[in-house]
Undergrad: 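Questions regarding the structure given below will be posed in turn.
In this chain, residues are counted from 1 in sequence order.
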Amino acid sequence: MKLKSLLFETNATADTFESFADTREAGAEKIVDNAKSKGGLALLTWHHFKVKLPYYKKAAAGKFELDAAKKEFDDTYKKISTAMSQIEFQREVGRLEVLGELIIRETKK
């Protein structure tokens, strides 16, 4: 019964774009905290998810700008390269991921 309740609760809280972003931000924050406390190679995960937080925060606050996000997505996509350091790569792929996720969610209402 508890699982069923959680499933319906999750669906109810993801009704709006803002609540979707808020939920995703909370998940990313947990991953950031866990990766930082582990240290070592987990810091690559920290970089990947840390970059996502301001995007989720902005979207959750109702300040997501679709056209600007699409432009940033395209610019970020063009920047990604195997010539980057591991940290740069994780940051840019994280940025690409969060932008794509938010763009898709916003346009597939």
Side-chain angles (χ1 to χ4, degrees):
M1 190 63 163
K2 185 175 181 177
L3 178 60
K4 190 174 182 180
S5 172
L6 286 173
L7 288 172
F8 286 114
E9 180 180 319
T10 301
N11 288 337
T13 60
D15 283 344
T16 68
F17 177 77
E18 290 79 10
S19 61
F20 170 80
D22 188 53
T23 300
R24 298 296 291 157
E25 180 186 9
E29 284 175 341
K30 287 180 187 177
I31 293 168
V32 165
D33 291 343
N34 288 336
K36 189 172 184 181
S37 69
K38 286 181 183 177
L41 290 177
L43 290 177
L44 291 174
T45 300
W46 181 84
H47 286 285
H48 181 84
F49 282 89
K50 180 75 173 168
V51 74
K52 295 178 177 191
L53 295 177
Y55 293 93
Y56 287 135
K57 185 176 288 303
K58 186 176 181 179
K63 297 178 182 176
F64 182 74
E65 296 175 20
L66 183 59
D67 290 336
K70 286 179 178 181
K71 181 182 182 332
E72 188 173 357
F73 178 92
D74 290 340
D75 293 344
T76 301
Y77 178 75
K78 291 173 188 168
K79 277 196 311 193
I80 295 173
S81 157
T82 56
M84 297 175 143
S85 71
Q86 284 286 344
I87 291 171
E88 290 169 323
F89 182 79
Q90 289 299 325
R91 283 183 186 151
E92 295 310 315
V93 170
R95 185 183 326 277
L96 186 72
E97 193 173 89
V98 69
L99 286 164
E101 183 181 323
L102 293 171
I103 290 165
I104 290 166
R105 179 67 163 93
E106 179 66 4
T107 58
K108 305 291 185 203
K109 291 180 184 181

Undergrad: Side chains of Y77 and E72: donor-acceptor distance under 3.5 Å anywhere?
TA: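 Looking only at side-chain atoms, E72 and Y77 do not form any donor-acceptor pair under 3.5 Å.
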Undergrad: Does anything in residues 43-52 pair up under salt bridge (Lys or Arg N to Asp or Glu O under 4.0 Å), and if so which pairs, sequence neighbours excluded?
TA: K52-E97
Undergrad: Could you pull out the closest heavy-atom pair between A35 and A42, with the gap in Å?
TA: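 Taking A35 first and A42 second, the nearest heavy atoms are CB-O, 3.4 Å.
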Undergrad: Test question: given the 4.5 Å side-chain rule for I, L, V, M, F, W and Y, name all other residues clustered with L53, or answer none.
TA: I31, V32, L43, W46, F49
Undergrad: Quick one: NZ on K63 to CD on E65, what's the gap to the nearest 0.5 Å?
TA: 10.5 Å
Undergrad: Within a strict 4.5 Å, meaning less than it, do heavy atoms of the F64 and K58 side chains meet?
TA: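 The answer is no, as the side chains (C-beta and beyond) never meet within the 4.5 Å cut-off.
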Undergrad: Does any non-hydrogen side-chain atom of F73 lie less than 4.5 Å from one of V98?
TA: no
Undergrad: Does V51 share a hydrophobic cluster with L44, counting links as ILVMFWY side-chain heavy atoms below 4.5 Å and allowing steps through other members?
TA: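 No: no chain of side-chain contacts under 4.5 Å links V51 to L44.
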Undergrad: On a heavy-atom basis, which atom in T16 and which in R105 lie closest, and how many Å separate them?
TA: O-NH2, 3.8 Å
Undergrad: Counting only heavy atoms not in E18, do more than 12 sit closer than 6.0 Å to its CD atom?
TA: yes
Undergrad: For F89, does its backbone N or O pair with a side-chain atom of E92 as donor and acceptor, under 3.5 Å?
TA: no
Undergrad: Rounded to the nearest 0.5 Å, how far apart are CZ of R95 and CD1 of I80?
TA: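 R95 CZ to I80 CD1: 9.5 Å, rounded to 0.5 Å.
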Undergrad: With heavy-atom distances below 4.5 Å as the criterion, would you say the side chains of Y56 and D22 are in contact?
TA: no
Undergrad: Are L66 and L99 connected into the same hydrophobic cluster when the rule is that any two of I, L, V, M, F, W, Y join if their side-chain heavy atoms are below 4.5 Å apart?
TA: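 Yes, same cluster.
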Undergrad: Does F20 reach the side chain of E101, with side-chain heavy atoms less than 4.5 Å apart?
TA: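 Of all side-chain heavy-atom pairs linking E101 with F20, at least one is under 4.5 Å.
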Undergrad: Counting distance only, does the side-chain N/O of H48 pair as donor-acceptor with the main-chain N or O of Q90 below 3.5 Å?
TA: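 Here the side-chain-to-backbone pair exists.
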Undergrad: Kindly work out whether a path of hydrophobic side-chain contacts (I/L/V/M/F/W/Y, heavy atoms less than 4.5 Å apart) joins M84 to L96.
TA: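 Yes, same cluster.
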Undergrad: Step through the shown structure and confirm whether more than 12 heavy atoms of other residues, nucleotides or ligands are within 6.0 Å of NZ on K79.
TA: yes
Undergrad: Once you round to the nearest 0.5 Å, how far does CD of E106 lie from NZ of K70?
TA: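 Interatomic distance, E106 CD to K70 NZ, rounded to 0.5 Å: 9.5 Å.
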Undergrad: May I ask you to say whether K71 pairs ionically with D75, meaning some side-chain N is under 4.0 Å from a carboxylate O?
TA: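 Salt bridge flag = yes for D75 with K71.
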